[in-house]
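Presented below is the structure to which this report refers.
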Amino acid sequence: MIYPKIALAQSIIEICSAKGIHNIIISPGSRNAPLTIGFAQNPNFKCYSIADERCAAFFALGIAMQTKKPTAVVCTSGSALLNYYPAVAEAFYSQIPLIVISADRPQSKIDIGDGQTIRQENVYLNHSVFNANLTEDASVENDLKINKAIETAILQKGPVHINAPFEEPLYETVSELSVEPKITTLEEEIPTKIIDNSEEIVSIWNSAKRKLILIGGINEVNSIDEEILENFANDPSIVVLTETTSNIHHPSFINSIDTLITPFDDSDFKELEAPVLITFGGMIVSKRIKAFLRKYKPAHHWHIDTLRAYDTFNALSKHFVMEPNDFFKDLLPKTEFKASNYFSKIDKIYSLRNKRKEEYLKKIPFSDFKVFEKVIESLPKNIQLQISNSSAIRYAQLIEIDPSIEVFCNRGTSGIDGSTSTAVGSAVGSGKQTVFITGDISFLYDSNALWNSYIPKNFKIIIINNGGGGIFRILPGHEEKPVFNTYFETSHQLTAEHLAKMYGCNYYKASNVEDLNENLNKLYNGNEAPGILEVFTPTAENDVILKQYFKELV
C-alpha cells in the first residue's frame, strides 16, 4: 500500500482507521496532500472530493446525521478551514459528530507574511468539543490528542478539530509505515436508566392536572417505544406538542403547534398553561410556543437529554441526563393517570382548527401555502424529507406529513447556508430516496452543493421560488419599500434552469396547480438523473394568504 512519507500524516490516518472512521470528505489543496494521499489510497476509507469547503463540511454533516458516526473533512491551510465554520457551528448545536482535520504550516511560518497562513489553532474554540493542536513530528503526545479528539466527537456528539502542521516536501510517498501510533480504548460511559430522587418527580407528576410535553427535532427515528406514546395519549392530563422534525407520530398528538396557538388570546393561553413542562429533542422551530412558555412559565420544566439542556424558556428546573426512552420507562410505571379535562379541551380546539384549515386550503389561490399542501401530500411514502430553513420549515409545520416519512432540517443554527449540501450528504449517508424542499434564496445561496459527482439519481429538489426571502414578509414590520425589497427580501428574477442544465439535473417548472401536479409526477418518476422542480409563486400575495389563514382558524 502507498503511504505519505510524513510520519504525522501516517499517524492521523492510522488512528482514524483504528477508530472506525470510514467516510472522509476531502477539499482539494496542496498543504493537505499527505492526508489526501493516505486516505485516498487506503481501502478502509470511503473518500469524497468536494472543492467548495462550505459545501464539503455540510455534505459531511449530512452523512454523519444519517450514519450516527463521525465523518471527517480534510482541508488545506489558510482560509479553507474557515469555510467549514458554518457546518461546525451547526454540528455543535445539533449534536452531530464531525471531525475537521486541517493541514497547517509549521508554527515558524505563521504571522511572518508566508502564503496561505492564518492562526489555525483553536479557530473553532467557541463551537467545538475538543481541539487537538498537533506538533510537526509524530509522537505519543500527538497520538493521544488525535485519539482524544475522535473519542470526544463520539461521546459528546459534536465537532472536533485536529490541526496538523506539515513542512514541504508534501507529495513524497513510501510503501511501508514508519510509525506505530498508540491507539487508546474508548471508555464509553453507560448512561443511567434510573431517575435520581424519583419519589419527588413521581409526586410532582401525579399531583399535576396538566402536563405539557414538547418534542423538538429528533434524528433517531423510532427512539421512543410505542407503549410510552400510548401512555401519553391515554392520560387525560397530558397534551403532547410535536414538531415536524420530531419524527414522532400519534393521532392524538398536536403536530402543528402554530395552527393551535397562533389565534390564542390571553384567556386561551390560560387553557394551555401547565405547571409541568417536559421537553426532549433538539431546537424548537415555533417562535409562538417559545413566546408562550416564556410568558406563562411552568413551575417545573424538565429537559431530558444525555448531553445538554438549554434554558430556552427561562424556566428550566431539572436536567435529566438520560435517554428520553429510559426516563419514561422508569417514570411511567410509578405514576397514575390524573382525572383532568386538559387534553379534551385542547383536542377539541385543535380539531376545530384542522377543520377550518381544510376549508381554508380549498379556497385559497396558487401560493406558497397551496404549494406546500400539494407537494407534501404528493410525497412518496418511506422516503427521507429534507427541508431548508426560513419560511420552508415554517410552512411544512402547518401540513400533515405521512408518518412513514423521515423529516430533517438544520435547526442547530437555523441557517440557510448549507441546507442543500446537507440534504445531498444525507441522501448519500442514508441510501434512501430523498426529497429536498427549499426556498429560492436558500437554493441559490448553496448552489455549489450540486458541484460534486455523488448526488444519487433519485435525489429530488423542489424549489419554491417566490422571488426573494419570503420569510421577511411574514415577520412583523414588513413595509413595501425599496429598502425592504433590496436589503431584506433580496428581490430577484433568477431561476434554477441553467444551473440544472449545467449540473446534469432534470428540470421542471410550474406556476399553477395543474402544472404542479403534472410535474411532480414527472419529478418522482424520472430517476435517470437527479431532478429539480421549480415552482413559481406570487411574491406579493403569499404573506397575505398565510396571515389570513391564522385569522380564519378562530
Distance-only donor-acceptor check, side chains [X] and [Y], under 3.5 Å:
| X | Y | value |
| --- | --- | --- |
| Asn133 | Asn163 | no |
| Ser17 | Asn44 | yes |
| Arg288 | Thr262 | yes |
| Ser94 | Glu90 | yes |
| Gln156 | Gln95 | no |
| Thr71 | Asn23 | no |
| Gln66 | Gln384 | yes |
| Asp402 | Ser404 | yes |
| Glu243 | Gln397 | yes |
| Thr279 | His301 | yes |
| Ser286 | Asp258 | yes |
| Asn255 | Tyr350 | yes |

Taking the side chain as everything from C-beta on, heavy atoms only, tell me whether [X] gets closer than 4.5 Å to [Y].
| X | Y | value |
| --- | --- | --- |
| His161 | Tyr84 | no |
| Val74 | Ile25 | no |
| Trp205 | Ser237 | no |
| Val239 | Tyr342 | yes |

**Study point:** Asn389 side-chain N/O to Cys409 backbone N/O, donor-acceptor pair under 3.5 Å
**Key:**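 Looks like no, no N/O pair under 3.5 Å.
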
Point to revise | Side-chain ion pair, Glu151 and Lys148, N-O less than 4.0 Å | key: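 So Glu151 does not pair with Lys148 through a salt bridge.
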
Review point. Is it true that Lys182 and Asp143 have a side-chain N and a carboxylate O under 4.0 angstrom from each other?
Key: no

For the residue pair [X] and [Y], categorise the inter-ring angle as parallel (less than 30°), tilted (30 to 60°) or perpendicular (more than 60°).
| X | Y | value |
| --- | --- | --- |
| Trp302 | His300 | tilted |
| Phe45 | Phe39 | perpendicular |
| Phe328 | Phe232 | perpendicular |
| Tyr124 | Tyr85 | perpendicular |
| Tyr454 | Phe59 | tilted |

Check your understanding: What are the two closest non-hydrogen atoms of Ile99 and Ala153, and how far apart are they?
Key ->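 What the structure gives for the nearest pair is CG1-CB, 4.2 Å.
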
Practice item. Would you name the heavy atoms of Leu61 and Leu98 that are closest together and state the gap between them? Key: N-CD1, 4.1 Å

Review point. Around Glu180, counting heavy atoms of other residues, nucleotides and ligands shown, do more than 12 lie under 6.0 Å from its CD?
Key: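 No.
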
Exercise for review: State whether the number of non-hydrogen atoms from other residues, nucleotides or ligands found under 6.0 Å of Lys68 atom NZ is greater than 12.
Suggested key: yes

Review point. Centre of Phe292's six-membered ring, under 6.0 Å away, within 45 degrees of the axis: is that where NZ or CZ of Lys290 sits?
Key: no

Point to revise | Test: Arg308 cationic atom under 6.0 Å from Phe280 six-membered ring centre, within 45° of axis | key: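 Cation-pi check for Arg308 and Phe280: fails.
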
**Study point:** Between CZ on residue Arg411 and CE on residue Met283, distance to nearest 0.5 Å
**Key:**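 Output value for this atom pair is 9.5 Å.
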
Point to revise | Inter-residue atom distance Ile183.CD1 - Ser11.OG, 0.5 Å rounding | key: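 Interatomic distance, Ile183 CD1 to Ser11 OG, rounded to 0.5 Å: 8.5 Å.
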
Exercise for review: Quick one: list whatever passes side chain to side chain donor-acceptor pair (under 3.5 Å) with Ser252, sequence neighbours left out.
Suggested key: His250

